[in-house]
Amino acid sequence: MGLRTIEELCAELDEKRRSALDGGGKEAIEKQKAKGKATARERIAQLLDPGSFVEIDEFVTHRCSSFGLEDRKPLGDGVITGWGTVEGRKVFVFSQDFTVFGGSLGEKHAEKICKVMDMAMQMGCPVIGMYDSGGARIQEGTDALNGYGKIFKRNTLASGVIPQFSAILGPTAGGAVYSPALTDYVFMVDGESVMHITGPEVVKAVTGEAISAQDLGGAKAHHTVSGVAHFEAKDEAECFAQIRKVLSYLPLNNLDDAPFKATADSPERADITLREIVPVNPNKSYDVHEVISRVVDDGEFTEVQAGWAKNIVIGYARFGGRAVGIVANNADVLAGCLDIDASDKASRFVRHCDAFNLPIITFVDVPGYLPGADQEHNGIIRQGAKLLYAYSEASVPLVSVVLRKAYGGAYIAMSSKALGCDAAFAWPQAEIAVLGAEGAASIVFKNEINAAADPSAKRLEKIDEYKAEFANPYRAAERGYIDNVIMPEETRKAIFTALEAMESKRETRPAKKHGVIPH
Ligand code: HXC
């Protein structure tokens, strides 16, 4: 063969590129479309800024020579990788291509993912994975399993250094679900995404239980029952919009600043309706979202895990253009009690915010921990301890506002001064005490009540006495456990000015390898 011309060489490259673009072939692409799913490259194009995607490793192929794979070597090996931008900010991406061996993960497929993860870590940029896969490529055996292990290791090392997001856009099964679980957030699409360790067939064979894949591991199940999915979308477009939105609050890495979003909303804005939102009567409920939306910039709050453990609300907002994390008890659900799921949900979010240097604003209205054998036997002691650990460990600015009840251990857990809160405010109707007045009076004055001629009248009298003494914010304020008692309408300004004052906060900790968080 003589020397080929540059035209011939370019034509060869062109042909290879076309072949890579073909993925698993026209028929497989049609099958993918028939399921209402976009292709791996279309998904990347929808997520990133138009025209920003740069693909790498287009020509990678597997080197498996078993079960006929030696004759099938599609270019790219079932995953599209590279980088691009979201709102002009660089991110690294990978997107599994179901049309190639069902998006299954083999040695080279895993290496491609590891390469973009390594680059994302080195460049200090988020990494977003799009999953659509039959799991470990069965023909590649332990090479596939080893590939997963290498990804898990990278997920863990990148945790708290760069934001990592997982969009589940098809099946993910077996141990493969653990890479998404190791990332900051799992996004799922209703009716399309499935995540489970063992599928419906195995469940049926082992336990006899008949359940559909969606009921077992669909977006609804994981968003409302297990808490595995942090976001649920009605379709892929909404899922990508959610990812872009969440990215807008986060720095590119743990040493970077979160993006500033200019606002015309004055920090001085005083919303007098806040006086009516939280009823003074502690037995009446309200929705804490109403409080949050009235104090943050432009009423804009982006909730995380909105469908699960609704007795606590977590999410992102801004004050004066700067991103913060919000944690709030929700009196509307279980009276805002802390339970296992709420502690789990809030503690992870506190650690996430701390890792990425977002100040944390905590709205407190908590009657205590949820009582019951179920809670005790499932470990509320160790699970609830996570929240104490997370707040105590956090070194970002911490601001709290006691809206109403703050009782006992739950008060201490919810960003109390003792755990390191920098600015603790309370509203005039706040009740900060060891117990609610009814419970407290019945215990402390038990003998006196029982000995009275009319015990129930005596009990009411003692409840009133205890209320007058403790059902207010001033006992705590006298001791400095509350820095200031504020009018409800002063909340936005108080938080804003506190955040300004805390901007230069620096905290040093004793050197250690790492702590041992309760689990
Ligand atoms: C190799 C696979 C594959 C796999 C699917 N394919 N999964 N090839 N390894 N794991 C191939 C199919 O053979 C088929 O190839 C093509 O992908 C499309 O698959 P279909 O079955 O036709 O698609 P569909 O009906 O939509 O079903 C999708 C599916 C099903 C639910 C994902 O394919 C399935 O159950 N696959 C196996 C899932 C599984 O058990 N994986 C191992 C999990 S354990 P052709 O050539 O016919 O088009 C695991 C361990 C990880 O992942 C451990 C980490 C530590």
Side-chain angles (χ1 to χ4, degrees), residues 22-40 43 61-80 94-114 117 129-156 166-183 186 188-189 191-206 211-219 221-222 228 236:
D22 258 359
K26 300 224 160 5
E27 206 178 302
I29 292 174
E30 271 163 30
K31 258 172 111 178
Q32 175 86 346
K33 299 271 181 193
K35 289 180 195 157
K37 300 202 289 187
T39 64
R43 286 167 170 168
T61 55
H62 67 77
R63 48 182 190 168
C64 174
S65 53
S66 315
F67 305 106
L69 276 204
E70 58 277 20
D71 303 323
R72 297 172 68 196
K73 292 201 167 210
L75 297 183
D77 204 37
V79 63
I80 316 300
F94 61 90
S95 176
Q96 291 184 313
D97 183 351
F98 192 82
T99 70
V100 176
F101 307 133
S104 59
L105 180 143
E107 176 204 20
K108 287 293 178 186
H109 179 123
E111 277 178 12
K112 284 184 68 173
I113 293 175
C114 288
M117 291 179 77
M130 293 176 233
Y131 291 81
D132 190 359
S133 168
R137 190 172 298 157
I138 293 160
Q139 299 90 327
E140 294 203 34
T142 49
D143 283 341
L145 298 181
N146 186 54
Y148 273 119
K150 287 169 121 174
I151 295 171
F152 300 161
K153 174 90 179 173
R154 281 166 175 77
N155 284 136
T156 307
S166 305
I168 313 297
L169 305 170
T172 42
V177 296
Y178 283 119
S179 173
L182 287 166
T183 63
V186 171
M188 293 183 80
V189 175
E192 178 175 300
S193 320
V194 177
M195 293 178 86
H196 48 61
I197 298 284
T198 49
E201 296 81 16
V202 179
V203 170
K204 176 95 177 103
V206 175
I211 187 163
S212 71
Q214 277 297 321
D215 286 347
L216 182 66
H222 283 311
V228 167
E236 292 189 8

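First listed ligand is number 1; within each ligand, the first listed atom is number 1. Residue numbers start at 1 and run along the sequence shown.
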>> Going by the rule side-chain hydrogen bond (donor to acceptor under 3.5 Å, both in side chains), which residues pair with Lys112 if we only count those two or more places apart in sequence or in a different chain?
In response: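 If we apply the side-chain hydrogen bond (donor to acceptor under 3.5 Å, both in side chains) test to Lys112, skipping adjacent residues, there are no hits.
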>> Holding to salt bridge (charged side-chain N to carboxylate O under 4.0 Å, His left out), I want the full list of residues that pass it with Arg72, two or more places apart in sequence or in another chain.
In response: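 So Arg72 forms no salt bridge (charged side-chain N to carboxylate O under 4.0 Å, His left out) with any residue.
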>> Test of understanding: with salt bridge (charged side-chain N to carboxylate O under 4.0 Å, His left out), list the residues that count as partners of Asp22, not counting sequence neighbours.
In response: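 Asp22 satisfies salt bridge (charged side-chain N to carboxylate O under 4.0 Å, His left out) with Lys26 once adjacent residues are dropped.
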> Looking only at heavy atoms, what is the nearest atom pair of His109 and Gly103, with distance?
Replying inline: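 Residues His109 and Gly103, closest heavy atoms: CE1-O, 3.5 Å.
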> Can you name the closest pair of heavy atoms from Gln96 and Asp132 and give their distance?
Replying inline: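 Distance-wise, the nearest heavy atoms are OE1-N, 3.2 Å.
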Exercise answer, ligand 1 polar atom pairs (N/O) under 3.5 angstrom:
residue, atom, partner, partner atom, Å
ligand 1, 9 (N), Ile138, N, 3.1
ligand 1, 10 (N), Gly134, O, 3.1
ligand 1, 10 (N), Ala136, O, 2.9
ligand 1, 17 (O), Gly102, N, 2.9
ligand 1, 26 (O), Lys35, NZ, 3.0
ligand 1, 41 (N), Gly134, O, 2.6
ligand 1, 46 (O), Arg72, NH2, 3.3
ligand 1, 52 (O), Ala136, N, 2.8

> So which of Glu107, Glu140, Glu111 actually passes salt bridge (charged side-chain N to carboxylate O under 4.0 Å, His left out) with Arg63?
Replying inline: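 Only match with Arg63 under salt bridge (charged side-chain N to carboxylate O under 4.0 Å, His left out): Glu107.
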